[in-house]
Structures are given as structure tokens and as C-alpha cells.
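What follows is one structure encoded as C-alpha cells, with my remarks underneath.
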Amino acid sequence: MRLKYIDEFRDPELARRVVDAIRTSWGERPPMRLMEVCGTHTVSIARAGIRSLLDGAVTMVSGPGCPVCVTPDGYIDAAITLGKRPDTILATFGDMLRVPGRHSSLEKERSGGVNVRILYSPLDAVETAAGNPGKEVIFLGVGFETTAPSIAGAILSAAVRDIGNFSVLSSVRTIPRAMEALASDPEVRIEGFLCPAHVSAIIGSDAYLPLAEKFGVPCVVAGFEPLDILYGIYLLLRQKIRGAAVVENEYSRVATPSGNRKAREIIATVFRESDIGWRGIGVLPGTGLAIADAYSEFDAQKKFGVEIPFTEDKTACRCGDVLKGKITPRECPLFGNACTPAEPYGPCMVSSEGTCAAYYKYGVQ
């Protein structure tokens, strides 16, 4: 499918033809169970009503690709502990503000006097540090391979400029091994992955080859527009029909097989692999990006000796099962009752990329 202009990716007639092709090719088989890994895909699918368009042929479940949602409450607790230090500024993306820790949130602590600032870029945090030499600026580094280069770039910038009052509390993660963990879980029963577009632009579509080969799961990298997603689903079904399990790249206008070399280099320079806890999934070896020893002076964990504990949630909130695709948001007893966007109970309802927030906003059944 070769489209050029953005309107073409939203053309209703083209969408109808792809939907017809999906239904015709799939026939009367039981619905194929596919996971969209990325939170941006989740929102696009909900906004475009794609689940209902494909009902009966495809069952779409959401994965762990919302960075705010998979960040465990122990990280929020550690950030709050750091924020209560004298002369400290916590710098964060806006989505983190309302995510609940074990006992509080950044929003509640800010109203109580903790200096929390919402920024749009890690480099903004470096500038904040440069402009406030009497204070320590701690950036909350949350995200996946897409945000890792900008966080790494901020650390390198601080190093070059010798800005010693800037540090990062890293909770950066990598996606492919998390997908492998889900592919090996018999309760999830994934038959195909719609792979994240932006992450794939960094790591390249070849990063999913081990996943497809080892677990026999079809993978397709797809963009975020409705036609991107529908055609990606069509490619996944086509693989399933012919018994293939390979990696295809619908998003070749941006993502290449090897990804962005410079971005991968800067990640490898500033970070090292580490074990990290994922909300709802557990500790996954080698899926974290901790700050390398060469840049430890910018590592808030080491600089201030703070621990980030990880424990499995023991509450009625079922965000963990939503993030693993085991249930849909409406199967959570709190959804739409005790948990709404106005009064969120779990992070999946807080984040703009959260599955629960998308289901609530667009009325997905």
C-alpha cells in the first residue's frame, strides 16, 4: 500500500476496502487475537473505531507500550522522596503528575509544597538547572527507546557544560524483550503483534526477528494512521493464513530494518542494560536502561542513594492485567465506577496513552 498524503491514510473508502479484504480473506475462522503494543496505537484504534469494524474477525488487545502505565508505584515513591529534599526541583512530563504511588502522587505533593515542574523536553531540565545553580534539578526519565535518545542527549549536554546540579532518575525501558515475555505467556495467547511505530524507527524492524523466529508470532511494524493500522492487521492475517511468522514493515516511510544508527549510538553511550520492574508484568531482565558508570554523577539513584522498590500490586485495580492483554478495561470492576479520568485509580486511566483512558473517552465496548 503506497500512500503519500495524510488525508489518504484517513480515507473512509480506502478503509472500507481494507476492512472488506480482511473479512473476506479471514472468512469464518475464529477471531485472530492480536496485540497492539504501543499506547499511541491504542488511542488511534479507539478513536477510529477499528475494534468494532473488525469485530468477529479480529480481537485486538492492548499491550505494555504506555510508558507511564508500566512505571511501578515504587518509582513514584522514590521521586517523591527525592522531591522532598531541600532545594530540589523535580522536572517531569505532564503525564506523570497524577500517577499514583503507594501513598501519594506528584500532584498531591506539589500542592503540599514539593517543587514539581512540568517540562516538554529533557533539555529543558538542563536549562532549568543552569538557571538555578543553587538547586538540584532531577528529571524523571520515563519512557522507551523513543525518549531514551533525548534523555541521553540531555545528560551529555550537562556533562559538556559541566552542569553538576542536574541528574536523572531513570525508568527507561526497552520493548522487544517485554514482547517476548508476553509471547511466552500462555494466558495471553497472542497470535500476532502490531509493533510500535516510533520505537521501531529507533531500533529498526529487524529487532523483532528473534521474537518472530523463537515464538512463531507474526510481527508487523505499522504507523499510527487508520489505514496504517488496518493494513498492518491485514498483513498479520495474511501471514497467519499462509502459516508464516516473519517481520513485515508497513511503516517503511520512517522505520528501516536497522533503525536510527545515531540514536542507538547515543543510547549505548549513556545507558547500560539493567533489570527493571514493569507494573503488572514483573521484573524483566535486561529491559531497563540504567545510566552508565561513566555518567554516574548524573544518576539520581546513585547520587542520592535512593532505592526504587518493586512489588506486585495487591489492589482491586487490574491495570496489570490490562497491560498484559489478559482483560479489557471494562472487565476491571473499578472501570467507570471508582476509576474515571476525573478520579483515576490506576495509571491506565491517568495517561493520555492509557488503555483505560482510551476506552473511556471513545466509549469502546
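The model shown is predicted, which means the values in this text are computed figures rather than measured ones.
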Please output the side-chain donor-acceptor pairs of residues 191-205 that fall under 3.5 Å, not counting sequence neighbours, one pair per line with the distance.
{"unit_1": "E191", "atom_1": "OE1", "unit_2": "R33", "atom_2": "N", "d": "2.8"}
{"unit_1": "E191", "atom_1": "OE2", "unit_2": "K240", "atom_2": "NZ", "d": "3.4"}
{"unit_1": "S200", "atom_1": "OG", "unit_2": "P196", "atom_2": "O", "d": "2.4"}
{"unit_1": "S200", "atom_1": "OG", "unit_2": "Y208", "atom_2": "OH", "d": "2.8"}

**OP:** Could you tell me which residues satisfy salt bridge (charged side-chain N to carboxylate O under 4.0 Å, His left out) with E136, sequence neighbours excluded, listed by chain and number?
**Re:** K303
Original post:
Would you say the side chains of S52 and Q365 form a donor-acceptor pair under 3.5 Å?
Top reply: no
Compile the donor-acceptor pairs under 3.5 Å between side chains in residues 323-332 and protein atoms, sequence neighbours left out, one pair per line.
{"unit_1": "K324", "atom_1": "NZ", "unit_2": "G280", "atom_2": "O", "d": "2.8"}
{"unit_1": "K326", "atom_1": "NZ", "unit_2": "E187", "atom_2": "OE1", "d": "3.3"}
{"unit_1": "T328", "atom_1": "OG1", "unit_2": "E331", "atom_2": "OE2", "d": "3.2"}
{"unit_1": "R330", "atom_1": "NE", "unit_2": "V364", "atom_2": "O", "d": "2.4"}
{"unit_1": "R330", "atom_1": "NH2", "unit_2": "V364", "atom_2": "O", "d": "3.0"}
{"unit_1": "E331", "atom_1": "OE2", "unit_2": "T328", "atom_2": "N", "d": "2.8"}

Original post:
Looking at Q239, R238, E248, which one forms a side chain to side chain contact (heavy atoms under 4.5 Å, CB included) with P218?
Top reply: Q239
Subject >> Within residues 152-170 or reaching into it, pairs that qualify as salt bridge (Lys or Arg N to Asp or Glu O under 4.0 Å) - sequence neighbours excluded >> reply: E127-R161
**OP:** May I ask whether V43 and V350 are part of the same hydrophobic cluster, defined by side-chain heavy atoms of I, L, V, M, F, W, Y residues being less than 4.5 angstrom apart, directly or through others?
**Re:** no
Original post:
Does anything in residues 166-183 pair up under salt bridge (Lys or Arg N to Asp or Glu O under 4.0 Å), and if so which pairs, sequence neighbours excluded?
Top reply: R177-E273
Original post:
Is any side-chain heavy atom of I138 less than 4.5 Å from a side-chain heavy atom of T88?
Top reply: yes
Subject >> Pairwise side-chain hydrogen bond (donor to acceptor under 3.5 Å, both in side chains) hits with a residue in residues 17-28, at least two apart >> reply: R16-D20
Subject >> Qualifying residues under ring pair (Phe, Tyr, Trp, His ring centres under 6.0 Å), relative to Y251, sequence neighbours excluded >> reply: none
Subject >> Partners passing salt bridge (charged side-chain N to carboxylate O under 4.0 Å, His left out) against E265 (at least two apart in sequence or in another chain) >> reply: R261
Subject >> Residue pairs passing the salt bridge (Lys or Arg N to Asp or Glu O under 4.0 Å) test where at least one lies in residues 78-93, sequence neighbours excluded >> reply: K84-E109, D87-K135
Subject >> Verify same cluster id: I190, V58 (apolar side-chain graph, 4.5 Å) >> reply: no
Subject >> salt bridge (charged side-chain N to carboxylate O under 4.0 Å, His left out) partners for R264, two or more places apart >> reply: none
**OP:** Sequence neighbours left out, what passes salt bridge (charged side-chain N to carboxylate O under 4.0 Å, His left out) with E145? Give chain and number order.
**Re:** none
Original post:
Going by atom types alone, do R318 and Y345 pair a side-chain donor with an acceptor below 3.5 Å?
Top reply: no
Original post:
When rounded to the nearest 0.5 angstrom, what is the spacing between CD in E353 and OG1 in T42?
Top reply: 8.5 Å
Subject >> Any residue meeting side-chain hydrogen bond (donor to acceptor under 3.5 Å, both in side chains) with E297, in chain and number order, not counting sequence neighbours >> reply: none
